[in-house]
Amino acid sequence: MVYTQSLKIMETESKTKITVATTVNAPVDQVWKFWTAPEHITQWNFAADTWHAPRAENDLRPGGQFVCRMEAKDGSMGFDFGGVYDEVKTNELIAYTLGDERKVIINFYDQGNQTKVIETFEAESQNSLELQQGGWQAILENFKKYVESNQGTSKT
């Protein structure tokens, strides 16, 4: 099943789930490091070039908390995106609950020199499903671009 650049929406008993995905041209251990290390998270965790992530904290373990500050570069708006980890399997899976009780699951599939990242999240009710899918997909593509442009550098 191909997810990249396509909207996949599943209705459940009470929550709508949206899935976004991409394939990163990097080995899974590098993808994992760039996804989970705060110094890397601040470099990619935003959907548009007019935004940035000035700070990130990450206690990557079940029961551990994370937060990433996302802000418009012009200072017009910003918010903390965070939650608590439910399950962590190094190089394979991250599951967490957001502050508003929505669930997120991220799977990392080792494909040699590539890693498939599939992220499924429960939708919120304030924005359209298409807007949410587009925003999360844009962040995922920003992540892919960051990892691929920083392979073999001192940042890895």
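Under the 3.5 Å distance criterion, the side-chain polar atoms of Glu124 are matched with a main-chain donor or acceptor of Gln126. Formation of a donor-acceptor pair under 3.5 Å by the Thr115 side chain with backbone atoms of Ala26 is found in this model. No donor-acceptor pair closer than 3.5 Å links the side chain of Asn45 to the backbone N or O of Ile41. Not one N or O on the side chain of Lys116 forms a donor-acceptor pair closer than 3.5 Å with the backbone of Phe108. Side-chain atoms of Glu148 come within 3.5 Å of backbone N or O of Asn25 as a donor-acceptor pair. In this structure, Gln137 contributes its side chain and Ala21 its backbone to a donor-acceptor pair below 3.5 Å.
Aromatic ring pairs are classed by plane angle as parallel below 30°, tilted from 30° to 60° and perpendicular above 60°; the pair Phe34 and His40 is parallel.
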Chi angles and distances behind the side-chain contact (heavy atoms from CB on, under 4.5 Å) call for Tyr96, Val84: CA-CA 6 Å; Tyr96 59 84; Val84 177; over 6 Å; no
Kindly determine whether Glu71 and Lys73 satisfy salt bridge (charged side-chain N to carboxylate O under 4.0 Å, His left out), including the steps that lead there. CA-CA 6 Å; Glu71 293 180 353; Lys73 288 181 180 176; over 6 Å; no
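Atom CG of Asp100 has more than 12 heavy atoms from other residues, nucleotides or ligands within 6.0 Å. Around the CG atom of Asn113, the shell of radius 6.0 Å holds no more than 12 heavy atoms that belong to other residues, nucleotides or ligands.
Residues Val88 and Leu98 are members of one and the same hydrophobic cluster, defined by side-chain heavy-atom contacts under 4.5 angstrom among Ile, Leu, Val, Met, Phe, Trp and Tyr. Using a 4.5 Å cut-off between side-chain heavy atoms of Ile, Leu, Val, Met, Phe, Trp and Tyr, with links allowed through other members, Leu93 and Val104 fall into different hydrophobic clusters. By the rule that hydrophobic residues join a cluster once side-chain heavy atoms approach within less than 4.5 Å of another member, Ile139 and Trp51 end up as members of one cluster. With hydrophobic clusters built from ILVMFWY side chains whose heavy atoms lie under 4.5 angstrom apart, Val67 does not share a cluster with Met77. At a threshold of 4.5 Å between side-chain heavy atoms, the hydrophobic network of Ile, Leu, Val, Met, Phe, Trp and Tyr places Ile106 and Phe121 in one connected group.
Side chains of Asn58 and Tyr85: a donor on one and an acceptor on the other come within 3.5 Å. Defined by atom type and a distance below 3.5 Å, a donor-acceptor pair is present between the side-chain atoms of Thr97 and Lys103. With hydrogens and angles left out, the side-chain atoms of Glu122 and Thr16 include no donor and acceptor closer than 3.5 Å.
Here the shortest heavy-atom pairing between Asn91 and Val28 reads O-CG2, 3.3 Å.
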